[in-house]
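Labels below follow one simple rule: chain letters A, B, ... track the order of the sequence lines, proteins then strands, and each chain is numbered from 1. Only heavy atoms go into these numbers, but all of them, side chains included; no hydrogens, no water, no symmetry mates.
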2 protein chains.
Amino acid sequence: MCYNRRKMAKKRAYHHGNLRQALVREAARTIKSHGVDALTLRAVGGRLGVSRTALYRHFTDKAALLAAVAREGFQQFRGNLEQAWTDGGRGFAGFEAMGLAYLQFALRNRAHYRVMFGGFKELCGRDSELEADAESAFQVLVGALVTLQQSGDATPGDPVELARFVWAASHGVAMLTIDGQLGPDPAAGEALMKLSIGRLKTALSRA
Amino acid sequence: MCYNRRKMAKKRAYHHGNLRQALVREAARTIKSHGVDALTLRAVGGRLGVSRTALYRHFTDKAALLAAVAREGFQQFRGNLEQAWTDGGRGFAGFEAMGLAYLQFALRNRAHYRVMFGGFKELCGRDSELEADAESAFQVLVGALVTLQQSGDATPGDPVELARFVWAASHGVAMLTIDGQLGPDPAAGEALMKLSIGRLKTALSRA
DNA sequence: ACCTGAACACCGTTCAAGT
DNA sequence: ACCTGAACACCGTTCAAGT
């Protein structure tokens, strides 16, 4: 495990080979299972067998740690959307699969999703690459719309504007579901997403 | 000012005639101008010339105070939507006006809007009437869709489902705008809302 | 009833000090 | 370079005590 460390720790070389990565991973785990409010630097440090101030060697502050968590989220999010679109065949079926994958990611990573979007502006000031990761996820949707336009399934026009419209609708469905605004029925979110995708098809395919 | 108090304060009867209302108002003011993170019980109490624990006579905890703030928000929100729909003539023009009023409320009350939606589920456990206030605002949208269906401007179907779709799209536009995800252009939110309303008309008026 | 003041158990962050 | 431990300035909440 530790044998390929640079200098073969004489006594006990601090803690990790990569504390930074361990911190992000542990923070993401905590957020996922107990919510962002449960994320304390003391807890995450303690769970890694490290002082609560060790993190300041790798991040300027708690917000910077959260920004790293958000980046990781956007990367995974992007992958999920891309895969749904591709596996769905890059047509309207793929479009629908992408919408369901969108909701699924938000539902399975509620707190993580909230960090990604809720604190976005503030977190962008802590990690200059966060914006690019978010943009990269968004571009999957833009690319899909360009394809739908080329095949004549979607009306012409700025694909970025159309993508923002679809994104907003999806984001709204996800947020209302996560925030519990659709009532106690656990299937309400998926039902709303399916209905929304159907209506979005109409909105996209006709002038 | 104080002359119509019940017993004409002999020395200095505590503080307010209605501390509860003053607390909600002051909390809303603080949230509006400095964000929800700046809302500390010490500050809101101090600004009213009251101990930081005085609030526990009127609310079970900080969350209950926030729930009251959220309720006040939904009531005002409902009024704004209703007025836009009515002044707009209760047709597609009113529908568009309602969408713009929705965004305007969210933009002018960013932090307040976040409290209303972001903490909804948790806050519902603190104030049993919060859900009814939120539902009341939502019903304005449902009523509008029923009217549009009756005039033949919207397709038949469960108006609640349609309203949820429109609501999600509006909420998504509002959240993306508030969270700074549409880029630095301050007009991006309104542009997206206008485009969205146009597409929603298409989605609603055709099968 | 309504409010206070001290106390409690938490936070994130800073900084001199250790290896 | 990397990490620690004590200290600082905050929190929300509880509770005995005052009027």
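Contacts of B/T40 with the nucleic acid, taken as non-hydrogen atoms under 4.0 Å apart, involve only primed sugar atoms and P, OP1 or OP2. Residue contacts shown for B/L55 are absent, as no nucleic acid heavy atom lies under 4.0 Å away. When heavy atoms are screened at a 4.0 angstrom cut-off, A/L39 is found touching the sugar-phosphate backbone but no base atom.
The cationic group of A/K201 lies under 6.0 Å from the six-membered ring centre of A/F92 and within 45° of the ring axis, placing it in a cation-pi geometry.
In terms of phosphate contacts, B/H58 brings no side-chain nitrogen or oxygen within less than 4.0 Å of OP1 or OP2 of C/dA1. The phosphate of D/dT13 has OP1 or OP2 within less than 4.0 Å of a side-chain N or O from B/Y56.
In this structure, the ring of B/F74 has its center no less than 6.0 angstrom from the ring center of B/Y113.
Judged by Watson-Crick or G-U wobble contacts below 3.5 Å, the nucleotide D/dA1 has C/dT19 as its partner.
Distance, B/R52 CZ to C/dC2 C1': 17 Å, rounded to whole Å.
One cannot find a donor-acceptor pair under 3.5 Å joining the base of D/dG12 and the side-chain atoms of B/T53.
Relative to the side chain of A/S51, the nucleotides D/dG5, D/dG12, D/dA7 differ in distance, and D/dG5 lies closest.
Looking at which nucleotide of DNA chain D each of B/R57 and B/K62 is closest to, the 5′-most match is held by B/K62.
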